[in-house]
Amino acid sequence: MSDAARHFNESLSVSRKNSVSVDTKSAQAHRQYEFDVIRALAIIGVVAVHSLILISNSTSRPLQLLFIGSQTLFFIGNPLFFLMSGHFNIRAYDTKEKLTHFWYARAKGIIIPVACYLVIRSIYNVLMYEGIQNIGNVPRYFLKNLLLKEGFTATEYWFIYVLIGYLLMTPFVSKGLNTLTPFAQKSLLIIGLAYQTAATLFTNLGYQFSLSLPISGFFFVFCIGAFVNTLFCERKYRIILYICGIGTYLLDCYLILRGYNINAQDTSPLFIITALAVYVFLLNACANIKENRLISFIARHSFGVYLCHMMVLIPTAQYLETYTDTSVLKVGGCVILCIFVLIVSLVFSVLVNKALVTPAQRLMDAIKETLNKRTRLN
């Protein structure tokens with residue numbers, strides 16, 4: 001496993017105490033695999049939702065219903081990643097050593113692989129849209145799209161920019177979130193959902209909600225990831241959450257059909273509740289199942305797949321569009337596109353990790369070690 005994959009695996013696969021409603025020994029024994037399942041399903045959802053491009057503009061009513069239902073389901077991958085990120089990153093950083101290690105680990109495990117893939121994406125885009133004769137434009141293209149709002153942040157890489165911002169703030173909010181009482185945790189969940197309800201409602205009615213909340217949007221999802229699994233440790237509360245999750249999913253799809261689709265598949269309270277239900281269900285359902293090597297492999301390389309899958313999907317979708325002129329072929333094309341993109345992206349991720357990411361991370365470690373030696377000598 002590459003250093004990038006190892007870091008991503010560790011940052012999302014180290015369980016806390018009382019993570020789910022299973023006994024402590026069982027939770028410790030399976031603490032990695034249940035999150036492997038969530039991470040694998042989340043990245044499959046991300047690839048699948050982008051593969052729906054083949055039916056996104058269909059005028060067929062059945063395909064429109066399929067598109068909305070599938071899109072709403074697959075988009076759950078985004079909040080699942082934020083919940084896991086909050087769960088594994090929000091902890092006490094009460095010493096200089098812990099804080100320094102946090103910054104270094106995130107730089108090594110996130111910034112380096114992201115930088116590698118953004119350089120590759122820059123080369124890809126210049127070749128695709130400007131031609132090989134303009135290959136010298138890659139450095140300018142990279143810097144422009146790295147820093148400007150309409151650049152990489154306007155693509156599927158928006159998630160990376162948002163996550164980096166959240167991680168920058170994590171050490172400063174962690175202590176408060178880690179010391180919340182059960183009552184305070186419930187209060188934060190209720191207040192956050194109430195705010196998202198008001199904000200989503202006003203926006204869909206064409207108004208701007210006057211109140212602002214520091215912990216809102218996906219940052220709210222990130223923050224409650226620190227404790228939401230313990231909040232639903234009792235079976236009766238989980239059952240209520242599951243029932244609510246099914247109801248909110250169906251209601252969300254209905255409202256989208258009616259035209260109330262602003263934030264419906266990211267930060268609306270209906271979508272957040274659905275995502276919470278899926279997250280808690282998977283934690284409990286997968287806590288004691290036997291590990292599947294394919295699932296673990298996909299999970300280990302999920303970060304790389306996320307960073308490269310659109311480079312595979314765009315040309316493949318353009319090719320398949322010419323052969324999918326009926327409803328059945330369009331649906332079949334979406335399935336084929338998703339499977340093909342996932343497989344190729346996994347292979348590409350492994351190659352990039354070995355060729356670029358791992359060597360860059362080892363270089364970073366070597367530089368750090370050299371600087372530490374000089375500091376000790378002085």
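Basis for what follows: all heavy atoms, side chains included, without hydrogens, waters or symmetry-related copies.
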**OP:** Report yes if the side chains of Phe220 and Leu189 come closer than 4.5 Å at any heavy-atom pair, otherwise no.
**Re:** yes
Original post:
Counting only N and O atoms by type, is there a donor-acceptor contact under 3.5 Å from the side chain of Ser268 to the main-chain atoms of Thr200?
Top reply: no
Original post:
Is the count of non-hydrogen atoms from other residues, nucleotides or ligands lying under 6.0 Å from Glu369 atom CD greater than 12?
Top reply: yes
Original post:
Looking at CD1 of Ile272 and CZ of Phe82, how far apart are the two atoms once the value is rounded to the nearest 0.5 Å?
Top reply: 11.0 Å
Original post:
So which heavy atom on Val114 is nearest to which on Phe303, and how close?
Top reply: CG2-CZ, 3.8 Å
Subject >> Where Ala317 and Ile53 come nearest, the two heavy atoms and their spacing >> reply: CB-CG2, 3.9 Å
Original post:
Quick check: are there more than 12 heavy atoms from other residues, nucleotides or ligands sitting under 6.0 Å from OH of Tyr260?
Top reply: no
Original post:
Hey, does the side chain of Tyr242 reach the backbone of Ala277 with a donor-acceptor pair shorter than 3.5 angstrom?
Top reply: no
Subject >> Min side-chain heavy-atom separation Arg106-Ile111 under 4.5 Å >> reply: no
Subject >> Shared hydrophobic cluster for Leu205 and Ile256 (ILVMFWY, side-chain gaps under 4.5 Å) >> reply: no
Original post:
Linking I/L/V/M/F/W/Y whenever any side-chain heavy atoms sit under 4.5 Å apart, do Ile120 and Leu127 land together?
Top reply: yes
**OP:** Kindly indicate whether the side chain of Leu276, heavy atoms from C-beta on, has any atom under 4.5 Å from the side chain of Ile224.
**Re:** yes
**OP:** Give the minimum heavy-atom separation between Cys223 and Ile215, together with the two atoms involved.
**Re:** SG-CG2, 3.9 Å
Original post:
Can you check whether Leu346 reaches Ile343 side chain to side chain, under 4.5 Å on heavy atoms?
Top reply: no
**OP:** Taking the side chain as every heavy atom from C-beta outward, state whether Tyr254 and Leu270 have any atom pair closer than 4.5 Å.
**Re:** no
**OP:** Could you check Tyr207 against Leu201 for side-chain contact (heavy atoms from CB on, under 4.5 Å), going step by step and ending with a plain yes or no?
**Re:** CA-CA 9 Å; Tyr207 302 100; Leu201 180 63; over 6 Å; no
Original post:
From Arg140 CZ over to Asn137 CG, what is the distance, rounded to the nearest 0.5 angstrom?
Top reply: 4.5 Å
Original post:
Counting distance only, does the side-chain N/O of Ser70 pair as donor-acceptor with the main-chain N or O of Phe67 below 3.5 Å?
Top reply: no
**OP:** Kindly indicate, with the supporting measurements, whether the criterion side-chain contact (heavy atoms from CB on, under 4.5 Å) is fulfilled by Asn284 and Arg238.
**Re:** CA-CA 10 Å; Asn284 284 269; Arg238 294 200 307 276; 3.4 Å; yes
Original post:
Same hydrophobic cluster for Tyr195 and Ile262, using side-chain heavy-atom links shorter than 4.5 Å among ILVMFWY?
Top reply: no
Original post:
How about Phe219 and Tyr166: are their ring centres within less than 6.0 Å of each other?
Top reply: yes
Original post:
Does CZ belonging to Phe209 count more than 12 external heavy atoms closer than 6.0 Å?
Top reply: yes
**OP:** Taking the side chain as every heavy atom from C-beta outward, state whether Pro139 and Leu143 have any pair of such atoms under 4.5 Å apart.
**Re:** no
Original post:
In terms of hydrophobic clusters joined by side-chain contacts under 4.5 Å, are Leu73 and Leu342 together?
Top reply: yes
**OP:** Would you check, one step at a time, whether the test side-chain contact (heavy atoms from CB on, under 4.5 Å) holds for His301 with Asn353?
**Re:** CA-CA 9 Å; His301 296 283; Asn353 280 339; 3.7 Å; yes
**OP:** Answer with yes or no whether the side chains of Arg121 and Asn145 bring together a donor and an acceptor at under 3.5 Å.
**Re:** no
Subject >> Under 3.5 Å: donor-acceptor pair, side chain of Ser349, backbone of Ser345 >> reply: no
Original post:
Is the number of heavy atoms from other residues, nucleotides or ligands under 6.0 Å of Ile132 CD1 greater than 12?
Top reply: no
Original post:
Counting heavy atoms not belonging to Phe340, are there more than 12 under 6.0 Å from its CZ?
Top reply: no
**OP:** Return the minimal non-hydrogen interatomic distance between Asp252 and Ala264, and the atom names on each side.
**Re:** OD2-O, 2.6 Å
Original post:
Counting N and O atoms only, with roles assigned by atom type, does the side chain of Ser174 sit under 3.5 Å from a partner on the main chain of Ile90, one being a donor and the other an acceptor?
Top reply: no
**OP:** Identify whether the distance between the nearest side-chain nitrogen and carboxylate oxygen of Arg39 and Asp36 falls below 4.0 Å.
**Re:** yes
**OP:** Identify the heavy atoms of Leu307 and Pro113 that sit nearest to each other, and give their distance.
**Re:** CD1-O, 4.1 Å
Original post:
Taking all atoms of both residues into account, what is the closest heavy-atom pair of Ile68 and Gln265, and its distance?
Top reply: O-NE2, 4.1 Å
Original post:
Is there a side-chain contact between Asp266 and Phe75 (heavy atoms, below 4.5 Å)?
Top reply: no
**OP:** Look only at the side chain of Asn292 and the backbone of Ile295, and say whether a donor-acceptor pair between them is shorter than 3.5 Å.
**Re:** yes
Original post:
Would a distance-only check, ignoring hydrogens and angles, find a side-chain to backbone donor-acceptor pair under 3.5 Å from Asn204 to Asn261?
Top reply: yes
Original post:
Atom NE2 in His87, atom CG in Asn229: separation rounded to 0.5 Å?
Top reply: 5.0 Å
Original post:
Hey, what's the ring geometry for Tyr141 with Phe152, parallel, tilted or perpendicular (30° and 60° as the breaks)?
Top reply: perpendicular
Original post:
About how many Å separate CD1 of Ile43 and CD1 of Ile298, when rounded to the nearest 0.5 Å?
Top reply: 10.0 Å
**OP:** Please check if the side chain of Glu34 supplies one atom and the backbone of Leu282 the other of a donor-acceptor pair under 3.5 Å.
**Re:** no
Subject >> Residue among Phe102, Phe172, Trp103 satisfying ring-ring contact (aromatic ring centres under 6.0 Å, His included) with Tyr93 >> reply: Phe102
Subject >> Any side-chain heavy-atom pair of Val221 and Asn78 under 4.5 Å >> reply: no
Original post:
Tyr319: what forms a side chain to side chain donor-acceptor pair (under 3.5 Å) with it, not counting sequence neighbours?
Top reply: none
**OP:** Kindly compute the distance separating CD1 (Ile55) from NZ (Lys330), expressed to the nearest 0.5 Å.
**Re:** 9.0 Å
Subject >> Worked check of side chain to side chain donor-acceptor pair (under 3.5 Å) between Tyr104 and Asp365 >> reply: CA-CA 10 Å; Tyr104 181 82; Asp365 284 336; 2.5 Å; yes
Original post:
Counting only heavy atoms not in Asn372, do more than 12 sit closer than 6.0 Å to its CG atom?
Top reply: yes
Original post:
Taking a hydrophobic cluster as the set of Ile, Leu, Val, Met, Phe, Trp and Tyr residues connected by side-chain heavy atoms closer than 4.5 Å, whether directly or through intermediates, do Met128 and Phe348 fall within one such cluster?
Top reply: yes
Original post:
Does the His309 side chain pair with the main chain of Tyr306, one donor and one acceptor, at a distance under 3.5 Å?
Top reply: yes
**OP:** Would you check if the side chain of Gln196 reaches a backbone N or O of Thr267 as a donor-acceptor pair within less than 3.5 Å?
**Re:** yes
**OP:** If the plane angle is over 60° it's perpendicular, under 30° parallel, otherwise tilted; pick one for Trp158 and Phe218.
**Re:** parallel
Subject >> Ile314 atom CD1, over 12 foreign heavy atoms within 6.0 Å >> reply: yes
Subject >> Full working for side-chain contact (heavy atoms from CB on, under 4.5 Å) between Leu188 and Leu177 >> reply: CA-CA 10 Å; Leu188 177 58; Leu177 289 170; 3.9 Å; yes
Subject >> Ser51 side, atom OG; Ile336 side, atom CD1 - distance, nearest 0.5 Å >> reply: 11.0 Å
Original post:
Taking Phe88 as the fixed residue, which of Phe222, Phe35, Phe81 is the one that meets the ring-ring contact (aromatic ring centres under 6.0 Å, His included) rule?
Top reply: Phe35
